[in-house]
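Heads up: the structure comes next, in structure tokens.
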Amino acid sequence: QVQLVESGGGLTQPGGSLRLICEASGFLLQNFAVGWFRRAPGKEREGVSCISSSDNRTFYSDSVRGRFTISRDNARNAVYLQMNSLKPEDTANYYCGTDWSSSIERGLCQKSRSDSGFWGQGTQVFVFS
């Protein structure tokens, strides 16, 4: 059974850190480009960060560049999103997904759940004082 399961969300104060985990089952995540996305109430979906499989090339949105880091753990069949210096505006549901391509150059970070691919359910992140 093909699954993507996110974990690691929670509540933190501004300036805090969280590490999100996207774990796959039923397929090898290392073979595909993987992205982290977020959706906050009343806001558009945002492709936060993506990583290719072919060369581990990465993409970060302007809003998180320098604060978030995406990485792979092939032994765990997972992709992480390390989030530092969190801000209240980072509050959202974060989910991971793949469009089954190997490269982020195919536009993974610009895609949504309605596009062809496979997406997890998400984990909630709350940042407030």
Side-chain angles (χ1 to χ4, degrees):
Q1 183 180 3
V2 174
Q3 276 192 310
L4 283 173
V5 178
E6 302 90 341
S7 62
L11 170 66
T12 188
Q13 293 183 332
S17 297
L18 288 172
R19 188 180 74 162
L20 305 185
I21 305 169
C22 170
E23 291 187 273
S25 58
F27 70 103
L28 287 177
L29 208 53
Q30 66 190 69
N31 292 337
F32 302 100
V34 178
W36 279 100
F37 307 82
R38 67 186 181 187
R39 183 71 178 269
K43 294 186 178 180
E44 294 290 323
R45 175 213 63 85
E46 179 182 14
V48 172
S49 182
C50 292
I51 185 168
S52 293
S53 67
S54 51
D55 56 6
N56 278 338
R57 184 173 300 184
T58 57
F59 165 86
Y60 295 95
S61 65
D62 289 344
S63 60
V64 307
R65 188 175 296 114
R67 300 187 297 123
F68 291 11
T69 303
I70 192 170
S71 62
R72 292 182 180 272
D73 183 345
N74 293 336
R76 191 173 176 174
N77 203 21
V79 169
Y80 302 133
L81 185 68
Q82 178 66 42
M83 307 188 298
N84 298 329
S85 303
L86 282 161
K87 305 175 181 180
E89 51 263 44
D90 293 319
T91 294
N93 179 268
Y94 286 72
Y95 63 96
C96 63
T98 179
D99 61 0
W100 301 121
S101 72
S102 62
S103 173
I104 62 174
E105 302 300 324
R106 295 293 186 97
L108 174 59
C109 259
Q110 287 70 49
K111 294 184 178 179
S112 69
R113 289 182 179 277
S114 61
D115 291 311
S116 177
F118 193 77
W119 319 97
Q121 292 301 306
T123 183
Q124 191 65 40
V125 171
F126 295 97
V127 185
F128 64 88
S129 300

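Computed from a prediction, not measured in an experiment: that's the story for all the values here.
In plain terms, the two heavy atoms of Ala33 and Arg72 that are nearest each other are CA-NH2, 3.9 Å. For the residue pair Ala24 and Leu4, the shortest heavy atom distance occurs at CB-CD2, 3.8 Å. What you find for Thr98 and Phe32 is that their closest heavy atoms are OG1-CB, 3.4 Å. Gly97 approaches Leu108 most closely through the heavy-atom pair O-CD2, 4.1 Å.
Taking a 6.0 Å sphere around CZ of Arg113, one finds it holds more than 12 heavy atoms contributed by other residues, nucleotides or ligands. Within a 6.0 Å radius of CD in Gln121, no more than 12 heavy atoms belonging to other residues, nucleotides or ligands are found. Within 6.0 Å of CZ on Arg106 lie no more than 12 heavy atoms contributed by other residues, nucleotides or ligands.
Side-chain contact between Ile21 and Asp73 is absent, with no heavy atoms from C-beta onward closer than 4.5 Å. Considering only heavy atoms from C-beta on, Gln1 stays 4.5 Å or farther from Ser25 through its side chain. Put simply, the side chain of Phe59 does not reach to within 4.5 Å of the side chain of Ile70, judged on heavy atoms. Residues Phe128 and Leu11 form a side-chain contact, since some pair of their non-hydrogen atoms from C-beta on lies under 4.5 Å apart. Under the 4.5 Å side-chain criterion, counting only non-hydrogen atoms from C-beta, Ser63 is not in contact with Lys87. Proximity of Phe68 to Ser49: side-chain heavy atoms (C-beta onward) are nowhere separated by under 4.5 Å. Proximity of Met83 to Val48: side-chain heavy atoms (C-beta onward) are nowhere separated by under 4.5 Å.
Of the possible polar contacts, none joining the Thr123 side chain to the Tyr94 backbone as a donor-acceptor pair under 3.5 Å is found. At least one donor-acceptor pair under 3.5 Å links the side chain of Glu6 to the backbone N or O of Cys96. Using a distance-only test at 3.5 Å, with no hydrogens or angles considered, a donor-acceptor pair links the side chain of Gln124 to the main chain of Ala92. A donor-acceptor pair under 3.5 Å is absent between the side-chain atoms of Arg57 and the main chain of Glu105, judged by distance alone.
Seen from the ring of Phe37, Arg45 does not count as a face-on cation partner, given the 6.0 Å and 45° thresholds.
Atom CH2 of Trp36 sits about 12.5 Å away from atom CD1 of Ile51, to the nearest 0.5 Å. Rounded to the nearest 0.5 angstrom, Ser102 OG and Asn31 CG are separated by 9.5 Å.
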(request) Verify side-chain contact (heavy atoms from CB on, under 4.5 Å) between Leu20 and Tyr95, making sure each step is shown before the conclusion. (result) CA-CA 9 Å; Leu20 305 185; Tyr95 63 96; over 6 Å; no
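For the residue pair Arg38 and Ser61, no side-chain donor N or O sits within less than 3.5 Å of a side-chain acceptor on the partner. For the residue pair Ser114/Ser112, the side-chain donor-acceptor check at 3.5 Å is satisfied.
Ring pair Phe118/Phe27 is perpendicular by interplanar angle, where above 60° counts as perpendicular and below 30° as parallel.
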